[in-house]
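Residue indices begin at 1 and follow the sequence shown. Worth knowing before you read on, the calculation uses all heavy atoms, side chains too, and leaves out hydrogens, waters and symmetry mates.
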Amino acid sequence: MSQTVDRALSILPLLAEGPADLGRVADRLGVHKSTALRLLRTLHEHGLVYRQSDQRYRLGARLFALAQEAVENLDVREIAHPHLVRLNEECGHTVHLAVYEENEVLYIDKVESRYPVRMYSRIGKPVAITVAAVAKLLLADLPESERRVLAEKLDYPLYTSRSTPNAAAFLKELERVRDQGWATDLGGHEESINCVGAPIRGVDGRVVAAMSVSAPNVVVTADELLTLLPLVRRTAEAISREYSGRTPTKDPA
């Protein structure tokens, strides 16, 4: 039974490459055509493959519907939380998770620092969109045309001397973040708070959330916080793998 299931499931990646006839399916599986036909018929009955008029087979609509339903039911916060807790236990600093919804970047999870000095961020509260590391990561993934339209609409409060001053500077920063794959906020919102973050990606490679580690400079300097970047990126990659169902790859440096 397990061999039959394995063979049937092996057909799906083949058809993802494009339509294939019975002979090609049998050759790929290394089985007789009659065996391949039985497997294809079973998959066809469940809507997972479809037989075209030219007698070639392609992936069925039911498979796409199942995939979409699975994606819609994924809860990135539920998947990410254990990883955020482990990161917090390892580094001791405040860890945030954020998403982009309706032109706002919102915190959806937070693990508090073990140190006495705490941050006043709250779950459900919008972040400072022009300076926060998580906001840069989420907005940097937008198509260029959307980034430009959004940048022109935003206000640019000068929270500190390091705040992003205008749309041109913001777009330049987003391009840098997009290229390097991580972001910082080094005193851009509060002079005494530094932050480093990394993106969480879905099955299509798009950024679905962003996570960060933040700490006041009375606890750790900006340079010391930046040494945590490899750990932050590894955590984000682990969440991305679990969220998207990808197999493990080499951890980012």
Side-chain angles (χ1 to χ4, degrees), residues 80-81 83-100 104-140 151 154-200 207 209-239 251-253:
H81 186 74
H83 297 274
L84 305 183
V85 170
R86 283 194 291 272
L87 176 60
N88 168 266
E89 290 172 347
E90 189 162 351
C91 71
H93 305 306
T94 301
V95 182
H96 287 112
L97 180 70
V99 295
Y100 180 56
E104 288 187 323
V105 175
L106 306 170
Y107 289 128
I108 60 171
D109 202 1
K110 177 183 181 182
V111 184
E112 289 281 7
S113 167
R114 74 162 72 105
Y115 298 100
V117 181
R118 299 292 180 91
M119 295 184 61
Y120 291 103
S121 54
R122 296 194 307 273
I123 294 175
K125 180 181 179 181
V127 310
I129 198 168
T130 59
V131 293
V134 289
K136 295 174 187 177
L137 289 160
L138 290 160
L139 300 183
L154 293 174
D155 295 322
Y156 293 87
L158 294 178
Y159 303 105
T160 75
S161 60
R162 297 180 181 180
S163 298
T164 307
N166 52 51
F170 190 50
L171 287 169
K172 184 176 181 180
E173 175 70 0
L174 294 184
E175 189 65 33
R176 184 171 70 89
V177 168
R178 188 180 179 93
D179 289 342
Q180 68 188 16
W182 52 276
T184 62
D185 169 14
L186 304 179
H189 187 217
E190 298 179 56
E191 289 278 5
S192 61
I193 302 293
N194 298 306
C195 176
V196 59
I200 295 167
V207 175
M211 54 157 295
S212 65
V213 171
S214 303
N217 54 28
V218 295
V219 173
V220 61
T221 67
D223 287 340
E224 290 169 335
L225 187 67
L226 285 171
T227 65
L228 295 176
L229 178 59
L231 178 60
V232 173
R233 297 185 73 187
R234 284 196 296 271
T235 301
E237 175 62 20
I239 298 169
D251 288 330

side-chain contact (heavy atoms from CB on, under 4.5 Å) partners of Ala168, counting only residues at least two apart: Asn166
Find out whether Val232 and Trp182 are in side-chain contact, i.e. whether some heavy atom of one side chain is under 4.5 Å from a heavy atom of the other. no
Output every pair passing side-chain hydrogen bond (donor to acceptor under 3.5 Å, both in side chains) with a member in residues 214-223, not counting sequence neighbours, ordered by first then second residue. Thr221-Glu224
Strictly by salt bridge (Lys or Arg N to Asp or Glu O under 4.0 Å), give each pair with a member in residues 180-196 just once, sequence neighbours left out. none
Listed partners of Tyr107 passing ring pair (Phe, Tyr, Trp, His ring centres under 6.0 Å), at least two apart: His96
Which heavy atom in Phe170 sits nearest to a heavy atom in Ala151, and how many Å separate them? CD2-CB, 4.2 Å
Quick one: CZ on Arg234 to CG on Leu228, what's the gap to the nearest 0.5 Å? 10.0 Å
Atom of Pro230, atom of Leu226 and distance for their closest heavy-atom approach: CD-O, 4.3 Å
Test of understanding: with salt bridge (charged side-chain N to carboxylate O under 4.0 Å, His left out), list the residues that count as partners of Arg176, not counting sequence neighbours. Glu173
Could you check whether any side-chain N or O of Asn194 sits under 3.5 Å from a backbone N or O of Gly187, counting only pairs where one atom can act as donor and the other as acceptor? yes
Val177 backbone acceptor or donor facing Lys136 side chain under 3.5 Å: no
Side-chain contact, heavy-atom cut-off 4.5 Å: Thr130 with Ser163? no
Between Leu158 and Pro165, which heavy-atom pair has the shortest distance, and what is it? CD2-CA, 4.1 Å
Contacts of type side-chain contact (heavy atoms from CB on, under 4.5 Å), residue Arg162, not counting sequence neighbours: Thr160, Leu186
Which heavy atom of Ala183 sits nearest to which heavy atom of Leu137, and what is that distance? CB-CG, 3.7 Å
Atom pair OG1 (Thr164) and CD1 (Ile129), whose distance is rounded to the nearest 0.5 Å: 11.0 Å
So, using salt bridge (charged side-chain N to carboxylate O under 4.0 Å, His left out) as the criterion, who are the partners of Glu175 when residues are at least two apart? Arg147
Under the side-chain contact (heavy atoms from CB on, under 4.5 Å) criterion, do Leu84 and Ile239 qualify, and how do the steps go? CA-CA 9 Å; Leu84 305 183; Ile239 298 169; 4.1 Å; yes
With Tyr115, which residues qualify under side-chain contact (heavy atoms from CB on, under 4.5 Å), at least two apart? His93, Ser113, Val219
Pairs touching residues 86-96 that satisfy salt bridge (Lys or Arg N to Asp or Glu O under 4.0 Å), sequence neighbours left out: none
With Asn88 via side-chain contact (heavy atoms from CB on, under 4.5 Å) - residues at least two apart: Val95, Val111
For Cys195 and Ala133 the tightest heavy-atom approach is SG-CB, 3.8 Å
Run the numbers on Thr94 and Lys110 for side-chain contact (heavy atoms from CB on, under 4.5 Å), then give the verdict. CA-CA 7 Å; Thr94 301; Lys110 177 183 181 182; 3.8 Å; yes
How far apart are the closest heavy atoms of Leu87 and Val213, and which atoms are they? CD2-CG2, 3.6 Å
